[in-house]
Amino acid sequence: MRWKMTEHGALENLIVLDLCRVIAGPFCGAMLADMGATVIKVEIPGKGDDARAYAPHINGESLYYSNLNRNKYGITLNMKTEEGKKILKKLAEKADILIENFRPGVMDRLGLGYDALKKINPRLIYGAVSGFGSYGCYKDRPGYDIIAQAMGGLMSITGQKGDPPTRSGNAMGDILGGLNLTVGVLAAVNARNITGRGQRVDVALTDCVVASLEQAVQRYFVSGKVPKRRGNTYEAIAPYDTYQAKDGYVVIGCGNQRLYEKFCRDIIQRPELITDERFLTVPLRVEHNEEIKEYFEEWTSTKTVEEVTDIVLAAGIPAGPIFDLEDIFHNKHIAQDREMIVHTTHPVMGPIVLNGNPVKLEETKVNVVRKPSPTLGEDNLFVFKGCLGMSEQEIQQLKEKDVI
């Protein structure tokens, strides 16, 4: 069943200034733009976002950049010049939200920090994401995703048993930062409806990673033991792991006692494992997970991944294959039904694909392809003339002075 959609975007009444670069901030801007906000991407003249240099490229344009900056209007502005600062202030006067990911203090030194801009627009919501936040003894440190994953504890618990600390295969720290910045600025929008005032939203990548550690924090508090790398197992539940099949690996999650008993009794016909003293409770099964895995793999290794998945799912127990990107691209549920691989056309690159948006709204459709990512300064004329009332001659003069 398809939902009935309206023509409205959930955030169509919001104007956002996106001063961000690379991943965390631009991810937030893309989420807001997908949901209908008017997002104006502000970049350095002649250079742009660092992500424009990141592969893969098609016809000289970065698809890396395009994915994180779809649906945005793109302008250039040199905020180190006095004229550039004046223009940014005029834009901030009209904006609902400003997001940036400079190191704390940079915008203040430019005279464009929250304390300066709220005097111009008391309703402005000022969202900042950085490696360590705007206060605390690490606030002046530079921070990238890998630093956040390292110092946020994620690398310490990621990897196979006995292996070195491992970074997750994607920029998890940045994505978590972008998601939390999105939540924060939208919470501030609602708070503004209550108080009539905007506020500063401060998000640190490292904080976001620490928050994602969930039960590892509580386990350390209770036991005093530092959580170690456990491969694909989970310290709270077992059996909950990858298992060898004839043609690859399959994941099975027996998340409670009922599912464990059903798997032992109905799937592998080993009911004695239910009453085995080593496996009576979840904590005992976690402790003896390697022994359980041997019993499970005696069965899974005789079947293909597809056979294991079908049999286990038919019994109502969670299971699935391990997909790579080729699998995802061709999977009907993920790529098509859930629209997580979006095919569109860019005016310079031609046919491209973008990551879909995981938020599905019943009435106000979240749209990944309203507008292609902008070429550098593509919308200067539209924004400066249409939004700020500048003449084309004034805009040309700004360009000649390297202000835009």
More than 12 heavy atoms of other residues, nucleotides or ligands under 6.0 Å from CZ of Arg197: is that the case? no

Which distance, rounded to the nearest 0.5 Å, do you find between the CZ of Arg270 and the SG of Cys264? 9.0 Å

When you compare the side chain of Met151 with that of Arg141, does any pair of heavy atoms fall below 4.5 Å? yes

How far apart are the C-alpha atoms of Val183 and Leu181, what are their side-chain angles, what is the distance that settles it, and do they pass the side chain to side chain contact (heavy atoms under 4.5 Å, CB included) test? CA-CA 5 Å; Val183 172; Leu181 184 62; over 6 Å; no

Does Leu32 reach the side chain of Leu14, with side-chain heavy atoms less than 4.5 Å apart? no

Test item: side-chain donor near acceptor, Asn357 and Asp34, under 3.5 Å: yes

Output yes when Asp115 and Arg200 qualify as a salt bridge under the 4.0 Å nitrogen-oxygen rule, no when they do not. yes

Below 4.5 Å, heavy atoms only, C-beta onward: do Asp174 and Phe27 meet side chain to side chain? no

Close side-chain approach of Val22 to Tyr64, heavy-atom, < 4.5 Å: yes

Quick check: does any side chain N or O of Asn121 sit under 3.5 Å from a backbone N or O of Ala95, one acting as donor and the other as acceptor? yes

Cys208 and Gly177 have their tightest heavy-atom pair at SG-CA, 3.7 Å

Any side-chain donor near an acceptor of the partner, Asp202 and Ser134, under 3.5 Å: yes

Side chain to side chain contact (heavy atoms under 4.5 Å, CB included) for Ile268 and Glu298? Distances and angles first, verdict last. CA-CA 9 Å; Ile268 62 174; Glu298 286 178 8; over 6 Å; no

Can you say whether the rings of Phe263 and Phe296 are parallel (under 30°), tilted (30 to 60°) or perpendicular (over 60°)? parallel

All heavy atoms of Ala10 vs all of Leu361, minimum pair found to be CB-CD1, 3.7 Å

Does the pair Lys332/Asp337 count as a salt bridge with the N-to-O cut at 4.0 Å? yes

Using distance alone, with no hydrogens and no angle criterion, decide if Glu261 and Gln257 have a side-chain donor and acceptor under 3.5 Å apart. yes

Would you say Arg219's side chain and Pro227's backbone share a donor-acceptor pair under 3.5 angstrom? no

Between Lys360 and Arg338 (side chain of the first, backbone of the second, donor and acceptor by atom type, cut-off under 3.5 Å), is there such a pair? yes

Side chains of Asn380 and Thr76: do they bring a donor and an acceptor to under 3.5 Å? yes

Taking everything shown except Tyr260 itself, do over 12 heavy atoms lie less than 6.0 Å from its OH? yes

Looking at Thr195 and Asn193, would you say the former's side chain and the latter's main chain have a donor-acceptor pair under 3.5 Å? no

CG (Asp207) and CG (Asn180) are apart, to the nearest 0.5 Å, by 9.0 Å

Could you walk me through whether Glu83 and Asn78 pass the side chain to side chain contact (heavy atoms under 4.5 Å, CB included) test, one step at a time? CA-CA 8 Å; Glu83 287 172 296; Asn78 185 348; over 6 Å; no

Do Asn232 and Thr242 have side-chain N/O donor and acceptor atoms under 3.5 Å apart? yes

Taking the side chain as every heavy atom from C-beta outward, state whether Pro26 and Lys41 have any pair of such atoms under 4.5 Å apart. yes

Can you find a heavy atom in the side chain of Ile146 that is under 4.5 Å from one in the side chain of Met155? yes

Keeping the roles fixed (side chain from Asn69, backbone from Ser66), state whether a donor-acceptor pair exists under 3.5 Å. no

Polar side-chain atom of Arg70 near backbone of Ala33 as donor-acceptor pair, under 3.5 Å: no

Backbone of Arg52 reached by a side-chain donor or acceptor of Asp49 within 3.5 Å: no

Ignoring hydrogens and angles, state whether a donor on the side chain of Gln199 or Arg123 is under 3.5 Å from an acceptor on the partner side chain. no

Nearest heavy atoms of Ile267 and Ala315, plus distance in Å: CD1-CB, 3.6 Å

Ring centres under 6.0 Å, that's the criterion: do Tyr54 and Tyr65 meet it? no

Tyr249, OH atom: more than 12 neighbouring heavy atoms under 6.0 Å: no

Hey, is the main chain of Val39 close enough, under 3.5 Å, to the side chain of Asp18 for a donor-acceptor pair? no

When you look at CD of Gln393, are more than 12 heavy atoms from neighbouring residues, nucleotides or ligands closer to it than 6.0 Å? no

Is atom OH of Tyr138 surrounded by more than 12 heavy atoms (other residues, nucleotides or ligands) closer than 6.0 Å? no

Is any side-chain heavy atom of Trp299 less than 4.5 Å from a side-chain heavy atom of Val308? yes

Before accepting this row, confirm whether a basic side-chain N of the pair Arg229/Asp163 lies closer than 4.0 Å to the acidic partner's carboxylate O. no

Any side-chain donor-acceptor pair under 3.5 Å between Thr375 and Glu61? no

With Glu290, the salt bridge (charged side-chain N to carboxylate O under 4.0 Å, His left out) member among Arg230, Arg285, Lys161: Lys161

Would the number of heavy atoms belonging to other residues, nucleotides or ligands and lying under 6.0 Å from OH of Tyr220 be above 12? no

Please test Gln244 against Thr300 for side chain to side chain donor-acceptor pair (under 3.5 Å), starting from the C-alpha separation and ending with a verdict. CA-CA 6 Å; Gln244 179 73 61; Thr300 60; over 6 Å; no

Lys47 side chain to Glu43 main-chain N or O, any donor-acceptor pair under 3.5 Å? no

Would you say that more than 12 heavy atoms from the other residues, nucleotides or ligands in this model lie under 6.0 Å from the CG of Leu110, or not? yes

To the nearest 0.5 Å, what is the distance between CD1 on Ile23 and CD1 on Ile175? 6.0 Å

If I take atom CD1 from residue Ile317 and atom OG1 from residue Thr309, how far apart are they, to the nearest 0.5 angstrom? 12.5 Å

To check you understand the geometry: which heavy-atom pair defines the closest contact between Leu117 and Ala92, and what is its length? CD2-CB, 4.1 Å

With side chain to side chain contact (heavy atoms under 4.5 Å, CB included) as the test, would you mind laying out the steps for Met172 and Leu154 before giving the verdict? CA-CA 9 Å; Met172 183 59 73; Leu154 185 58; 4.1 Å; yes

Is it true that atom CD of Glu392 has more than 12 heavy atoms of other residues, nucleotides or ligands lying nearer than 6.0 Å? no

After noting the C-alpha distance and the side-chain angles of Glu339 and Lys365, does the key distance pass the salt bridge (Lys or Arg N to Asp or Glu O under 4.0 Å) rule? CA-CA 12 Å; Glu339 300 177 300; Lys365 181 176 175 62; 3.6 Å; yes

For the CG atom of Asn289 and the CD1 atom of Ile237, what is their distance to the nearest 0.5 Å? 11.5 Å

Judged by atom type as modelled, is there a donor-acceptor pair below 3.5 Å linking the side chain of Ser62 to the main-chain atoms of Ala51? yes

With a 4.5 Å cut-off on side-chain heavy atoms, are Lys90 and Phe384 touching? no

Could you tell me if Lys371 sits above the aromatic ring of Tyr73, with its cationic atom closer than 6.0 Å to the ring centre and no more than 45 degrees from the axis? yes

Looking at Arg192 and Asp96, is there a salt bridge between them, counting it only when a charged N and a carboxylate O are closer than 4.0 Å? yes

CG of Leu98 to CD1 of Ile125: how many Å apart, nearest 0.5 Å? 11.0 Å

